[in-house]
Amino acid sequence: MDPAIGIDRLSKRYGSLAALDNLTLEIDRSEIFGFLGHNGAGKTTTINILTTLLAPTSGSASICGCDVVADSMKARQHIGYVPENVRLYDSMTARDNLLFFARLSGVREPSQRIGEVLAILDCPELATKRVGDMSKGQRQRIGLAQAILHRPDVLFLDEPTSGLDPLGIKTLRDLIVKLNRTLGMTIFMNTHLISEVSKTCTSIGVLNHGRLAYRDTIAGVLARFGDDQTLEELYLSLTPAAAA
Amino acid sequence: MTSRPAQIATIAGKEIHDALRTHVLSLLTGFLILAAMVSLTVSSIALHAEYLTYVQSRDLLLSLGKSINDLVPPAFFPLKLLRGFVEHVEIIGAVLGIVLGYRAAAVERGHSTLMLIMTRPLGRTAFLAGKLAGNMVLIVAGLAATFALGALALFVISGVGLGAADLLRIAIVFAAAILYVGSFFLLGFILALGFARLPTALLVAFAVWLTLVLIAPQIGDTMDPDNQVAGGVFRKLGIAKPEEKEILKSFATYETIRDDIEQASPAKHFERFSFAVLGIKDIYNGQPLADVILDRLADLWWLLGIFAGLVLYLFARPLNIARLSKEQ
Amino acid sequence: MLSAMFAARIGWRDRTVVLLAALFFAMVLVSAYLGWSATATVNAIYAKAVPVFQAQGKPVPANPVGEMPPLSLLRNMVTYVALLGALAALVLGHQVVASDRKAGVLPLVFSRPASRIGLALGKIGALVLAVVAVLLGAGLVNVLTMLLLPGLALDGTIWLGMIEFYGVAALYMLAFGLLGAICATAFASESMALLTPVTIWLALTFIVPQVTANIGPMAALNPQSVNLEVPGGSFFAVTSALLGPLSIAESYRFLSASILEVTSGAGTTITAGGAMLSLVFANLALAGALIVAIARLDACRSGYRD
């Protein structure tokens with residue numbers, strides 16, 4: 001079986017700046033992968049390439065065996081994506097927004113599916129609410145609903161807890177774990193919050209100036225270094241420039 | 001996987017739904033209709049005033065026992081009342097097109113929706129086709145309401161029933177208006193997708209609008225040496241037609257430049273075509289429709305060419321999704 | 001004063017405003033060239049016509065260029081101020097307020113010990129400075145063009161005429177700048193804050209002249225249209241009496257066309273005093289409205305919805 005995500009010597013250059021430098025990484029199915037790195041390390045560039053939004057300068061990447069450049073339409077059928085600070089159409093209700101994305105994805109019986117997804121995310125009451133009137137946490141849930149409507153194999157989350165209050169962060173964390181455990185989705189999550197990773201993820205990667213500086217399972221990290229505090233120390237030692 | 005026509009229809013449907021919800025579209029369409037109606041009403045009132053003056057002069061002459069043979073009664077051609085109407089479509093219709101085009105891009109920019117749409121199994125072509133289709137439906141509907149109300153008002157105001165031939169002429173101008181307004185939609189859309197900052201895109205679109213719709217025709221007009229001297233330079237100098245033609249021969253290049261500046265304006269093509277079809281321009285008044293269209297075919301080709309050219313450009317240029325999704 | 005200088009600096013840094021101002025300057029240059037080229041063409045036509053008259057043994061008439069009022073060379077400026085000038089002023093007025101609202105600095109400004117009226121007066125001062133700066137530049141280009149034309153002496157009458165024309169243009173542009181600033185302050189949505197004044201500008205330029213004097217939308221751009229006779233009948237008598245004082249586009253066109261001697265103003269009922277009064281009153285009323293709008297702006301919700 002192909003891995004959920006395969007990345008082989010992936011680079012992205014903007015003129016003389018290397019946003020991503022020879023990144024090689026494989027993420028197995030049903031993992032929750034936390035991608036750590038300072039601002040500007042190349043995390044969002046990686047997600048943009050994996051979600052087919054950006055073409056790499058060199059190297060290749062695939063989702064469930066489908067190349068993101070050569071076979072982008074097939075790759076897109078396997079992915080769901082929640083960008084940072086997700087904003088849907090403010091003037092439309094959650095249901096209308098979800099109906100729009102369901103139809104674009106070719107979801108059968110979209111109305112019924114929207115009901116199911118809102119139930120999975122514990123927010124059926126949001127269906128008739130205008131997105132423009134929602135709190136950040138509520139918008140995040142509808143963003144998540146949009147991403148799982150078409151039953152993707154891999155879910156990409158870019159800084160999912162950014163701007164949420166502690167309760168919102170906890171709720172979202174629980175939902176991510178639920179999607180992974182009950183629906184078997186592989187989750188690829190960009191973050192710069194170390195506490196997030198240790199509480200949610202099964203494996204991590206640390207990106208520093210476009211290069212992969214560290215890769216291990218959370219169990220492996222804990223076995224080697226112990227608790228949260230050392231994970232932070234590990235991160236700071238791997239990204240000295242960012243720490244300074 | 002959903003079919004491409006279904007995806008295009010979904011995007012077009014969302015576009016229509018979304019535009020109807022915002023006040024921008026209703027404000028501008030309402031404004032166009034208001035301007036068109038005002039223009040029709042005022043033209044007919046002016047014509048009526050002209051007629052009353054004629055009746056007064058006639059009665060005065062008759063009461064004095066004089067002949068009224070030299071008094072020319074005002075001619076009445078209902079379609080001629082549409083002059084201001086066409087000019088409003090030319091000016092405000094173009095603004096409507098630009099605003100729709102700008103809105104179509106602006107609702108996706110700075111939001112994550114463009115990213116989300118482009119991570120669905122949907123090509124860039126289908127996305128752009130859906131946007132174009134949805135907005136063309138809005139343009140056709142807005143113009144249809146304007147033209148239908150215009151035709152109705154013409155009937156009510158003039159009291160003369162419009163024949164099938166008149167309605168056909170109005171329908172042809174309506175079709176030309178769709179191409180014209182559609183071109184400005186494409187202009188607004190292409191600029192709002194291409195510029196780094198949205199407000200700059202809107203302003204550039206308005207600057208192009210000012211230049212093409214209002215300034216270029218006016219430049220051509222100003223460059224006409226005959227407009228420089230009250231009553232015309234040749235008449236002022238007392239130069240006869242044959243000599244005038246002889247003298248103008250040495251200004252052929254200047255005249256070509258002047259004409260080219262006017263030709264560069266799609267507004268001028270729309271205006272020339274519409275004025276000819278509706279008989280607003282005297283030389284076309286009362287001429288058979290087929291002859292008029294044949295004579296002004298170049299204008300129609302220009303309108304079609306500009307629209308088709310912009311459509312081709314829209315589909316040919318790449319979209320930088322990651323950049324467009326950033327907050328501007 | 002400080003806030004005026006600051007707002008003027010924001011305007012200068014804003015690329016949109018600079019772009020429109022650049023476009024306005026470009027059109028001033030085009031206008032100058034057109035005035036020059038059209039006059040040169042009439043001159044050339046005259047030169048070609050002289051031998052024809054001589055060959056026919058007819059007396060050679062005077063060169064019509066000599067009879068053209070020198071200020072009428074600027075006639076295109078009447079149109080460009082009405083189009084680009086007004087639109088640039090409108091965007092400038094919008095930016096002077098919108099840049100503060102979007103940057104989120106208003107809550108900070110409002111929490112300082114400075115009055116809102118002071119802030120509003122600062123914004124108005126910035127607008128005046130910007131409009132005057134743009135028009136000074138335009139005036140300089142016009143003076144240079146006139147100096148380049150042979151046989152044209154810049155005498156006191158011409159200088160006075162130019163100062164009068166640019167004074168009227170400044171009043172007209174300032175009115176739209178103030179309108180842009182009012183809408184930028186009062187509306188919750190930025191797109192509506194931009195579209196509403198543009199719509200008002202469209203209505204004043206193209207619709208109102210038709211209602212008051214049956215001047216068609218395209219003819220309304222031409223300063224010569226001041227000469228058109230208003231149709232008889234009670235309708236236009238009533239509309240011009242009611243809407244005339246509000247129709248600042250017509251007031252501006254009448255004043256500028258009269259100053260530049262483009263027209264005799266034969267057909268119109270507008271008077272110079274009435275037109276001036278309507279422009280000055282419009283500016284005072286709009287400045288008052290801007291002060292009220294800024295005073296009433298909700299400090300806690302000073303950003304835009306869109």
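Small disclaimer: the values here were computed from a predicted structure and weren't measured. Side chains are part of it too, since the values below use all heavy atoms of this structure and drop only hydrogens, waters and symmetry mates. Order of the sequence lines fixes the chain letters, A, B, ..., with proteins taken first and strands second; residue numbering starts at 1 for each chain.
Applying the side-chain hydrogen bond (donor to acceptor under 3.5 Å, both in side chains) test to residues at least two apart or on different chains, none of the pairs has a partner in residues 200-209 of chain C.
For C/L84, the parts lying under 4.5 angstrom from a heavy atom of chain B are both the backbone and the side chain. For chain C, the nearby parts of B/L214 are the backbone and the side chain; heavy atoms of each come within less than 4.5 Å. For chain C, the nearby parts of B/S43 are the backbone and the side chain; heavy atoms of each come within less than 4.5 Å.
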Should B/I215 and C/Y80 be marked as a side chain to side chain contact (heavy atoms under 4.5 Å, CB included) after you check the CA-CA gap, both sets of side-chain angles, and the distance that decides it?
CA-CA 8 Å; B/I215 294 174; C/Y80 299 147; 3.8 Å; yes
Step by step, would you call B/F31 with C/I207 a side chain to side chain contact (heavy atoms under 4.5 Å, CB included)?
CA-CA 10 Å; B/F31 187 65; C/I207 301 182; 3.6 Å; yes
Might you work through the side chain to side chain contact (heavy atoms under 4.5 Å, CB included) test for B/H88 and C/Q210, ending with a clear yes or no?
CA-CA 11 Å; B/H88 279 307; C/Q210 190 158 26; 3.2 Å; yes
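B/K268 meets the side-chain contact (heavy atoms from CB on, under 4.5 Å) test with B/P217, B/E262, B/S265, B/E271, B/R272; sequence neighbours excluded.
In this structure, CG in C/L87 is found 5.5 Å from CG in B/L210, a value given to the nearest 0.5 Å. Distance check, rounded to the nearest 0.5 Å: CG of C/L83 to CZ of B/F206 gives 13.0 Å.
Within a 6.0 Å sphere centred on NZ of C/K102, heavy atoms belonging to other residues, nucleotides or ligands number more than 12.
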